[in-house]
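Everything below concerns the one structure shown next.
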Amino acid sequence: MAWQNNETSGSDFILLDLFQDTPVPWIFLTLTVVDFLVALLGNSTIIFLIWADPLLHNPMYFLLSQLSLMDILYISTSVPKVVLVFLSGDRRISFIGCSYQMFLFTILFGSELLLLPVMAYDRYVAICHPLRYPILMRPKVCVLLVLVTWLAALVNAMIHVIYTLTLPYCGSRKIHHFFCEIPALLKVVCMDTSQYEKGLFVSGVIFLLLPFSAILGSYGSILSTVLGMGSRQGLKKALTTCSSHVIVVSLFYGPAIFKYIVPKSYHTPEQEELVSVFYNVITPMLNPLIYSLRNKDVARALRKVLGK
């Protein structure tokens, strides 16, 4: 193939063919393309429904629309390149292309990690402080919270991506990964990166463990408040309202914590690749399905549109 003659020259990186070791690569490729299309259609549908239905013009659904937007951009950073690599056989990605992909992924990954606790806070205020909800979650506050998540993720991405791209890379520049992600690139750096990896771990604590703790705190308070009311109906309503978000948090944070917080000695490159597939490819497809199937308001809005 063309990439074999140039793998040790220039500034290109060599990506892993995600399906090269699978017994039926075309089937996995087809499933990945279907996953990608379902993610685009599902998240786009949620954004449209929230925009078109006045009954969905509230903070909870505004935040949900932001999550859907992030998921569309998120899955689009890697899957098209994965498909192109398989179909063309050319595993090269230019230095600029790799930089662009890594920068986008890092911003979107960080933004989603910070948006999920904001969504949990919204449910906490709605259930534990319903009378203050119109004030605490007024439109300006919602927009500000979303802007803060994007800005914090942007600053984090600029720091880590710019530093990573200034490091010296070795030999063939073969990345044992299907897209440009910082931990994968560090493995082909020709210098000791242990000190920087400590800084990366600190960022992981800030963007993973602290938001995850905030989510646990929010839902712990919700559960305590509802149980204190002694109402089974209230408990059922709270669980119904929050269950979709809890599932999404589990699907996203679980693999991310495994990848970025658990020491590298406890997982192999193959396991890291599988985990990345889960939170980068599968989760963006599952999120709209979870919210549309378990949310009566979204289902009602969808039926209304289909009815027309």
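These numbers come from the heavy atoms of this one structure, side chains and all, not from hydrogens, waters or symmetry mates.
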Do [X] and [Y] share a hydrophobic cluster, counting only Ile, Leu, Val, Met, Phe, Trp and Tyr and linking them when any side-chain heavy atoms are less than 4.5 Å apart?
{"X": "Phe105", "Y": "Leu84", "value": "no"}
{"X": "Leu41", "Y": "Val248", "value": "no"}
{"X": "Leu286", "Y": "Val34", "value": "yes"}
{"X": "Ile93", "Y": "Leu87", "value": "yes"}
{"X": "Leu289", "Y": "Ile75", "value": "yes"}

Run the side chain to side chain contact (heavy atoms under 4.5 Å, CB included) check on Val118 and Val146 step by step: do they pass? CA-CA 8 Å; Val118 172; Val146 170; 5.7 Å; no

Which pairs with one or both residues in residues 71-83 pass side-chain hydrogen bond (donor to acceptor under 3.5 Å, both in side chains), sequence neighbours excluded? Asp71-Asn287, Ser78-Asn280

Quick one: side-chain hydrogen bond (donor to acceptor under 3.5 Å, both in side chains) pairs with a partner in residues 160-170, sequence neighbours left out? Asn156-His160, His160-Tyr196, His160-Ser203, Thr164-Tyr196

What pairs of residues pass the ring pair (Phe, Tyr, Trp, His ring centres under 6.0 Å) test when at least one of them lies in residues 21-44, not counting sequence neighbours? Trp26-Phe86

Does [X] reach the side chain of [Y], with side-chain heavy atoms less than 4.5 Å apart?
{"X": "Ile175", "Y": "Leu16", "result": "no"}
{"X": "Phe13", "Y": "His177", "result": "no"}
{"X": "Thr268", "Y": "His176", "result": "no"}
{"X": "Thr45", "Y": "Leu49", "result": "yes"}
{"X": "Val141", "Y": "Leu145", "result": "yes"}
{"X": "Phe212", "Y": "Val205", "result": "no"}
{"X": "Ile47", "Y": "Ile72", "result": "yes"}
{"X": "Arg123", "Y": "Ser218", "result": "no"}

Identify, with sequence neighbours excluded, every residue that meets side chain to side chain contact (heavy atoms under 4.5 Å, CB included) alongside [X].
{"X": "Ile27", "answer": "Val24, Leu31"}
{"X": "Leu223", "answer": "Leu227, Leu235"}
{"X": "Leu136", "answer": "Tyr121, Val125, Arg132"}

What's the shortest heavy-atom distance between [X] and [Y], and which atoms?
{"X": "Met102", "Y": "Ile182", "result": "SD-CG1, 3.5 Å"}
{"X": "Asp12", "Y": "Phe95", "result": "OD1-N, 4.3 Å"}
{"X": "Val161", "Y": "Ser99", "result": "CG1-O, 4.3 Å"}
{"X": "Phe207", "Y": "Ala152", "result": "CZ-O, 3.7 Å"}
{"X": "Val83", "Y": "Leu29", "result": "CG2-CD1, 3.9 Å"}
{"X": "Leu15", "Y": "Phe178", "result": "CD1-O, 4.0 Å"}

Roughly how far apart are [X] [atom1] and [Y] [atom2], rounded to 0.5 Å?
{"X": "Ile222", "Y": "Ile127", "atom1": "CD1", "atom2": "CD1", "value": "4.5 Å"}
{"X": "Met137", "Y": "His129", "atom1": "CE", "atom2": "NE2", "value": "12.5 Å"}
{"X": "Leu208", "Y": "Tyr253", "atom1": "CG", "atom2": "OH", "value": "6.5 Å"}
{"X": "Thr30", "Y": "Asp35", "atom1": "OG1", "atom2": "CG", "value": "12.0 Å"}
{"X": "Ile14", "Y": "Arg173", "atom1": "CD1", "atom2": "CZ", "value": "10.0 Å"}

CD1 of Ile96: more than 12 outside heavy atoms within 6.0 angstrom?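 No, because the 6.0 Å sphere around CD1 of Ile96 holds 12 heavy atoms or fewer from other groups.
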
Residue pairs passing the disulfide (SG to SG under 2.5 Å) test where at least one lies in residues 62-148, sequence neighbours excluded: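 The answer is Cys98-Cys180.
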
Distance-only, no hydrogens or angles: does the Asn43 side chain make a donor-acceptor pair with backbone N or O of Pro284 under 3.5 Å?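 Such a contact is found between Asn43 side chain and Pro284 backbone.
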
Could you tell me whether the side chain of Thr225 and the main chain of Ser221 form a donor-acceptor pair under 3.5 Å? yes

Output the rest of the hydrophobic cluster of Val148: all Ile, Leu, Val, Met, Phe, Trp and Tyr residues reachable through side-chain heavy-atom contacts under 4.5 Å, sorted by chain and number.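 Answer for Val148: Leu144.
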
Through direct or indirect side-chain contacts below 4.5 angstrom among Ile, Leu, Val, Met, Phe, Trp and Tyr, which residues connect to Leu104?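 When side chains under 4.5 Å apart are linked, the cluster holding Leu104 also contains Tyr100.
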
Test Tyr133 against Asp122 for side chain to side chain contact (heavy atoms under 4.5 Å, CB included), laying out the working first. CA-CA 8 Å; Tyr133 184 78; Asp122 170 74; 2.5 Å; yes

Side chain to side chain contact (heavy atoms under 4.5 Å, CB included) for Glu270 and Leu274? Distances and angles first, verdict last. CA-CA 6 Å; Glu270 289 74 20; Leu274 181 61; over 6 Å; no

Exercise answer: donor-acceptor pairs, residues 59-67 side-chain atoms, under 3.5 Å, sequence neighbours excluded:
residue: Tyr61; atom: OH; partner: Asn295; partner atom: OD1; Å: 2.9
residue: Tyr61; atom: OH; partner: Asn295; partner atom: ND2; Å: 3.2
residue: Tyr61; atom: OH; partner: Asp297; partner atom: OD2; Å: 2.9
residue: Ser65; atom: OG; partner: Phe62; partner atom: O; Å: 2.5

Decide side chain to side chain contact (heavy atoms under 4.5 Å, CB included) for Arg300 and Asp53; before the verdict, give the C-alpha distance in whole Å, the side-chain angles of both, and the deciding distance to 0.1 Å. CA-CA 10 Å; Arg300 176 197 51 76; Asp53 193 332; 3.0 Å; yes

Enumerate donor-acceptor pairs with a distance under 3.5 Å from any side-chain N or O in residues 109-117 to protein atoms, sequence neighbours excluded.
residue: Ser111; atom: OG; partner: Ile107; partner atom: O; Å: 2.8

Quick one: side chains of residues 184-191, donor-acceptor pairs under 3.5 Å with protein atoms, not counting sequence neighbours, listed by atom name and distance.
residue: Lys187; atom: NZ; partner: Glu272; partner atom: OE1; Å: 2.8

